[in-house]
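None of these values were measured; they are calculated from a predicted model. So you know, we letter chains A, B, ... as the sequences are listed, proteins then strands, and number each from 1.
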Amino acid sequence: EYGEFQTFQHYFKLIYLRMKEYDVYLFDCDGVLWRGLDPVERAADVLQHLLARGKKVILVTNNSTKTRTLLNNHVMEALGMELPDQTCLYSSGIACALYMRSRLKNGEKVFLVGSNGFAEVLKECGVEFVGHGPHEPMDFYEFNDFHPDPSVKFVVGGFDPHFNHTKMAKALIYIKECGAEFVATNLDRVYPLSAQRQLPGTGSVLAGLITALGAQPRVIGKPSKVFYEIMSRDHDNLGDRSRVLMVGDNLQTDIQFGHNCGIDTALVLTGVAGPSDVEESSVKPTYVLSSVADLLQQK
Amino acid sequence: MIRAMAGSMRIIDRYCTFLVDCDGVLWTRGKAIPGAAEAIKSLVSSPSKRVIFVTNNCGRTIPSIQGDLASLLGFGDIPAADIVTSGTATAAYLRSKMDVSREKVYLIAQEAFSETLTEYGIPHFGLGPLPFRTGTEWATHQLDPSVKYVVVSLDRDFSHGKLTAAYLYIAENGAEYLAPDVDRFFSAGERKIPGTHSLQAGLTSLVEREPRVLGKPSSFIMDMLERERGPIARTATLMIGDSYETDMKFGFNCGVATALVLTGNAKKGDVAGFERKPDYVLDNISGIL
């Protein structure tokens with residue numbers, strides 16, 4: 001269906017002529033609604049406009065370190081408003097926590113490889129965890145005496161500045177010997193620190209564990225359609241996918257997410273992707289917007 | 001030297017040079033494997049044969065291996081020149097390439113490897129735990145511009161911080177990325193824990209290139225031995241080891257004959273799955289006799 005739409009200029013013409021009507025709008029946050037704490041121009045107006053017309057607005061970010069409370073605060077600070085209810089706020093961390101919670105019985109726990117922020121997310125969602133934070137490095141032969149906690153049913157991986165060989169070895173034991181399910185919030189190779197420098201991201205942190213296992217974790221964050229399924233449990237109108245639009249700035253996560261879920265997508269140019277990225281990408285959005293402000297045209 | 005015809009002769013009679021792995025071949029965790037002493041005795045006592053011990057364990061120094069050869073097998077005078085570790089191979093490579101007055105190595109490893117580098121006169125740092133740095137601290141951290149080599153081997157203190165340092169030295173300093181080995185697992189008795197390859201995986205994907213491997217299965221050690229001792233006839237050489245991925249592939253890469261023993265890493269049931277079969281599969285190294 002994208003065969004016809006080869007040139008970038010063509011997209012711009014289409015938005016005003018062909019954008020459909022939707023009932024649910026999923027928004028990525030960084031580079032779409034705000035940049036840090038600075039709002040993208042008219043982002044708040046857009047959300048108010050959609051809410052006033054009875055549309056559902058859901059925020060969908062891959063940042064695993066934010067609890068719903070923190071996300072809510074960020075919306076307040078950046079946009080000067082609140083969404084009608086906090087169940088409209090999702091991060092890959094929140095989705096991961098909800099995924100595990102639905103499968104954990106009373107007293108069962110997860111082995112957490114993640115940040116303090118992600119630990120807070122698990123607490124907020126009522127998921128019990130062990131293993132968080134720094135681990136005293138163990139001599140290799142000591143691992144013969146390591147007794148895993150039998151209540152651990154998941155190993156969950158996110159960005160973890162305290163990750164070390166000992167943590168990796170224990171995670172491997174939980175997965176291989178105890179049969180714990182291995183899930184991850186995302187597998188991003190890098191974590192952008194500044195314009196000049198990046199840090200190893202979750203994907204680089206977990207790469208060693210993945211290679212030792214010979215198997216990938218179930219990734220819950222975008223572009224995985226598991227994220228959509230988790231949100232659908234709490235939001236019925238995600239069921240009719242023809243009435244849902246995903247708005248994002250990243251072709252590999254946001255737009256790919258839309259493809260994987262069978263929903264339409266709108267790429268904004270206020271964030272990660274630029275016009276040449278659209279040309280080069282095999283993953284094409286349904287629409288390209290210069291910013292979310294273009295949605296004010298929506299009926 | 002008369003090249004023996006295969007079939008009628010013992011394996012030991014068919015070759016002149018024997019490259020012998022240590023862990024899982026001669027000993028396991030401080031205990032000699034029965035038959036090993038006998039096999040080595042036949043090799044060292046024959047004037048027309050020579051044996052070189054080749055181990056991928058850079059967590060051992062040469063003196064400690066000499067110690068085990070003496071105390072576990074009874075051979076008290078194996079010269080250091082007849083022992084090669086992935087650590088000494090890496091040190092030799094570095095010495096041949098580095099300007100030690102101006103360049104340094106960032107080392108991710110355990111103590112023994114650091115000792116080996118010191119012995120070879122290689123300036124290095126990085127041993128032990130790296131104190132935790134926040135994102136803000138990393139953003140402004142100044143790299144030491146003299147670091148031109150990064151070496152990654154098994155390290156119990158490996159952490160996100162060390163991975164970050166290694167990554168920045170390669171990405172921003174243009175440091176060369178070196179690996180003494182790419183072993184997937186370390187056998188801690190009954191349990192397998194993530195090996196060197198696991199520590200390298202994230203770094204390899206970040207810098208988008210593989211490390212230069214100095215130990216098995218790279219043939220670098222063979223080239224190094226030839227530089228030191230003169231030509232080694234490949235058809236008259238046998239590699240004996242317990243691991244397909246390191247020892248047998250090393251043998252294939254060097255063009256020498258290969259013998260897999262089943263006293264260590266490899267189990268009998270694994271053999272059918274090998275993409276290339278070793279020349280010999282022996283229950284024990286004494287099978288060469």
- Query: If you tally heavy-atom pairs under 4.5 Å against chain A, which of B:K162, B:E190, B:R29, B:K192 wins?
  - Reply: B:R29
- Side-chain donor or acceptor of A:H165 paired with backbone N/O of B:P194 under 3.5 Å: yes
- Message: Using heavy-atom distances under 4.5 Å, tell me whether B:S187 contacts chain A through its side chain, its backbone, both, or neither.
- Response: backbone
- Polar side-chain atom of A:R197 near backbone of B:H141 as donor-acceptor pair, under 3.5 Å: yes
- Message: Any heavy-atom pair between the side chains of A:V190 and B:L206 that's under 4.5 Å?
- Response: yes
- Are the side chains of B:F185 and A:L172 in touch, meaning some heavy atoms are under 4.5 Å apart? yes
- Task: Heavy-atom distances under 4.5 Å only: say whether B:R133 touches chain A with side chain, backbone, both or neither.
- Result: neither
- Task: Go through the atoms of A:D139 and report whether side chain, backbone, both or neither lie under 4.5 Å from a heavy atom of chain B.
- Result: both
- Query: Residues in side chain to side chain donor-acceptor pair (under 3.5 Å) with A:H132, at least two apart?
  - Reply: A:N116
- Message: Tell me whether the count of non-hydrogen atoms from other residues, nucleotides or ligands lying under 6.0 Å of OH in A:Y191 goes above 12.
- Response: no
- Task: Compare every heavy atom of B:R156 with every heavy atom of A:M138, then report the nearest pair and how far apart it is.
- Result: O-CB, 3.6 Å
- Let me know if A:F146 has heavy atoms under 4.5 Å from chain B in its side chain, its backbone, both or neither. both
- Query: Among A:V205, A:L206, A:T166, A:N144, which has the most heavy-atom pairs under 4.5 Å with chain B?
  - Reply: A:N144
- Message: Tell me which of these, A:P161, A:A169, A:G203, has more heavy-atom pairs under 4.5 Å with chain B than the rest.
- Response: A:P161
- Query: Between A:Q198 and chain B, which part of the residue has a heavy atom less than 4.5 Å away: side chain, backbone, both or neither?
  - Reply: both
- Using a heavy-atom distance cut-off of less than 4.5 Å, which residues of residues 263-277 of chain B contact chain A? none
- Residue pair B:S198 / A:A212: nearest heavy atoms and the distance that separates them: OG-CB, 3.5 Å
- Message: Within the structure provided, determine whether A:D160 and B:H160 are in side-chain contact (heavy-atom separation under 4.5 Å).
- Response: no
- Can you sort out the partners of B:F220 under ring pair (Phe, Tyr, Trp, His ring centres under 6.0 Å), two or more places apart, ordered by chain and number? B:Y93
- Rounded distance (nearest 0.5 Å) linking atom CG of B:L163 with atom CG of A:N164: 12.0 Å
- Message: Aromatic contact between B:F158 and A:F163, with the criterion being ring centroids under 6.0 Å apart: yes or no?
- Response: no
- Message: Within the structure provided, determine whether A:R189 and B:E208 are in side-chain contact (heavy-atom separation under 4.5 Å).
- Response: yes
- Message: Counting only heavy atoms from other residues, nucleotides and ligands, does the tally under 6.0 Å from CZ of A:R218 exceed 12?
- Response: no
- Which atom pair, heavy atoms only, marks the closest approach of A:P137 to B:D157? CG-OD1, 3.2 Å
- Heavy-atom proximity to chain B below 4.5 Å, by part of A:I173: side chain
- Segment of B:Q200 engaging chain A (4.5 angstrom heavy-atom cut-off): neither
- Item | Heavy-atom contacts under 4.5 Å, residues 164-173 of chain B to chain A | B:T164, B:Y167, B:L168, B:E172
- Query: Any side-chain donor paired with an acceptor under 3.5 Å for A:T211 and B:R184?
  - Reply: yes
